[in-house]
Amino acid sequence: MKKNIGFIALDFSLTKWLTEKLRTSAPDTPAAKELLEGLTDLMDGRTSSLMVEMGESDSVIPSIETIQCGALSIDLRLRRVRRDDTEISLTPKEFDILYFLARNRGEVFTKEQIYQAVWEHDYLMDDSNIMAFIRKLRKKIEPNPDAPEYILTIWGIGYKFNDKL
C-alpha cells in the first residue's frame, strides 16, 4: 500500500504549547507519552525531526504498558518481567502468555483460548503444550511453583491470573 507522507515544520512556540497540552491533558496512552518524549527531544535539540504515524488500532481503551501484581512487574514495552527487583528471563511465548493472563486478571481461560490469544499462526494445539508453558512460567515467576500465587489452575477449565494481588 502506498503511503503519502506530509511534512510540517513546527515553530518553537507551537511545540512548547503541544508539549504543555500533552503534559496536562493527554490521555494516558503509550502514544501520548512517546509523542511528549519526541517533542521534548525536539525542543532540547536531541533530535532535529520527528516522524509521526497513525497507529493501526482504533481502540479508545489505552493499552496497559506495565502491570504491577504484588512483587511481580510486567513491562510490555521492554518485554521485561521483574520480581522483587530481580529480572526474570522469559522466552517470547512465555512472556506473551504471562502478559495475556495478567492483562485479563481474574478472568478464567481455557487452554485453547490462551493458545488462540497468543499464537498468531497455526500451531499444533495440544493441551500439553500450554500446560508445559504454564509449568515453565511458574518455575520462573512463582516464589513457590508448587503453591502458585500468580497463575492459578481452575480445575476442569484452565487458568487465570490471580486478581487478589
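Quantities reported herein were computed from a predicted structural model and do not represent experimental measurements.
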Testing the basics here: between [X] and [Y], what is the closest heavy-atom pair and its distance to 0.1 Å?
| X | Y | answer |
| --- | --- | --- |
| Thr153 | Arg138 | OG1-NH2, 2.7 Å |
| Arg79 | Pro92 | NH2-O, 3.2 Å |
| Pro143 | Tyr150 | CD-CE1, 4.0 Å |
| Thr47 | Gly38 | OG1-O, 4.3 Å |
| Arg80 | Leu78 | NH2-CD1, 3.0 Å |
| Thr91 | Lys140 | N-NZ, 4.3 Å |

Report task. Could you tell me whether Arg46 and Asp41 have a side-chain N and a carboxylate O separated by less than 4.0 Å? Result -> yes
**Report entry** Same cluster (ILVMFWY, side-chain, under 4.5 Å), Leu101 and Leu152
**Finding:** no
Query - Pair Trp119 and Phe100, ring centroids less than 6.0 Å apart - result: no
When you compare the side chain of [Y] with that of [X], does any pair of heavy atoms fall below 4.5 Å?
| X | Y | result |
| --- | --- | --- |
| Val108 | Tyr159 | no |
| Thr40 | Arg23 | yes |
| Leu10 | Leu39 | yes |
| Ile74 | Leu98 | yes |
| Pro30 | Arg77 | no |
| Phe161 | Leu72 | yes |
| Ile151 | Glu142 | yes |

Report task. Among residues two or more places apart or on two chains, list those pairs meeting salt bridge (Lys or Arg N to Asp or Glu O under 4.0 Å) that have a residue in residues 9-21. Result -> none
Query - Derivation of the side chain to side chain contact (heavy atoms under 4.5 Å, CB included) call for Ile134 and Ile97 - result: CA-CA 8 Å; Ile134 297 293; Ile97 292 169; 4.0 Å; yes
Report task. Give, for atom CZ of Arg83 and atom CD1 of Ile88, the distance between the pair rounded to the nearest 0.5 Å. Result -> 5.0 Å
